[in-house]
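Read through the structure below, which is laid out as structure tokens, and then see the notes.
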Amino acid sequence: MFRFDDVLEGDELDPARVLHAKEQVRAYARASDIYFPRFTDDEGARREGLPGMITPGNMSMGLISTFLERWAGPGSLRRLGTTFRGLLLPDRTIRICGVVTQRDESARSVEIDVWIESDEGERVVVGTATVALE
């Protein structure tokens, strides 16, 4: 957990390397009531024209949210906006990364560019977040 006074523009957050497993995606789809082939079954996803199972967008946002709150502390995330540039495929090791781009002294918050990289280094989910710090 970081304090506002200890964070500078340009600071990189320690990347998280995560084995993004199919079972996690299936469990998320089941819990979210979106248990569709694209999120649960490679063959079913291929019938939809996909390369195999994919990760729901909201799950990708959840991975980023968890990453940010581990860095800044529970309840610190104020805003998160994302753009999906590619498919996040399960059963691969992904990297979740971020860099501080702006500080707001009056709000004691920082803006962070965040992204998820595929195992091939492609930024498949990109976004910006506002995080409050003590």
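Everything quoted here is computed from the prediction, not taken from an experiment.
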State whether Asp5 and Arg108 are salt-bridged, where the test is any N-O pair (Lys NZ or Arg NE/NH1/NH2 against Asp/Glu carboxylate O) under 4.0 Å. yes
Can you name the residues that form a side-chain hydrogen bond (donor to acceptor under 3.5 Å, both in side chains) with Arg46, not counting sequence neighbours? Glu43
For Val25, what are the other residues in its hydrophobic cluster, where any two members join if their side-chain heavy atoms are less than 4.5 angstrom apart? Tyr28, Ile34, Phe36, Phe39, Leu50, Met53, Ile54, Met59, Leu87, Leu89
Quick one: name the residues clustered hydrophobically with Val126, using the 4.5 Å side-chain heavy-atom rule over I, L, V, M, F, W, Y, and just say none if it's on its own. Val99, Trp115
Partner residues of Asp104 under the side-chain hydrogen bond (donor to acceptor under 3.5 Å, both in side chains) criterion, sequence neighbours left out: Ser106
Neighbour count >12 (heavy atoms, 6.0 Å) for atom CG, Asp6: yes
CD (Glu9) with more than 12 external heavy atoms under 6.0 Å: yes
When you look at Leu13 and Leu68, which way does the side-chain contact (heavy atoms from CB on, under 4.5 Å) test go after all the steps? CA-CA 9 Å; Leu13 284 61; Leu68 292 169; 4.0 Å; yes
Any side-chain to backbone donor/acceptor pair from Ser32 onto Ala29? Under 3.5 Å, distance only. no
Would Thr82 and Thr128 satisfy side-chain contact (heavy atoms from CB on, under 4.5 Å), going step by step from the backbone distance to the final call? CA-CA 7 Å; Thr82 57; Thr128 59; over 6 Å; no
Would you please name every residue forming a salt bridge (Lys or Arg N to Asp or Glu O under 4.0 Å) with Arg3, sequence neighbours left out? none
Minimum heavy-atom distance Ala132-Ala72, with the two atoms named: O-CB, 4.4 Å
Who pairs with Phe2 by side chain to side chain contact (heavy atoms under 4.5 Å, CB included), at least two apart in sequence or on another chain? Val7, Trp71
Could you list the residues that satisfy side-chain hydrogen bond (donor to acceptor under 3.5 Å, both in side chains) with Arg26, not counting sequence neighbours? Glu23
Which of Val131, Val125, Ile64 passes side chain to side chain contact (heavy atoms under 4.5 Å, CB included) with Val114? Answer is Ile64
Do Leu63 and Ile96 have side chains that get closer than 4.5 Å, going by heavy atoms? yes
Report yes or no: does Asp91 contribute a side-chain atom to a donor-acceptor pair with the main-chain N or O of Lys22 at less than 3.5 Å? yes
Using the side chain to side chain contact (heavy atoms under 4.5 Å, CB included) criterion, which residues pair with Pro37? Sequence neighbours excluded. Glu48
For Arg95, enumerate each residue passing the side-chain hydrogen bond (donor to acceptor under 3.5 Å, both in side chains) test, keeping only those at least two apart in sequence or located in another chain. Glu117
Could you name each residue pair satisfying side-chain hydrogen bond (donor to acceptor under 3.5 Å, both in side chains) that touches residues 51-69, not counting sequence neighbours? His20-Thr55
Got a sec: does the CZ of Arg78 have more than 12 other heavy atoms crowding it under 6.0 Å? yes
To the closest 0.5 Å, what do you measure between CG (Asp113) and SG (Cys97)? 11.5 Å
Go through the structure and list residues passing side chain to side chain contact (heavy atoms under 4.5 Å, CB included) with Glu105, not counting sequence neighbours. Phe4, Arg103
What residues, two or more places apart in sequence or in another chain, satisfy side chain to side chain contact (heavy atoms under 4.5 Å, CB included) together with Glu111? Arg79, Thr101, Gln102, Thr130
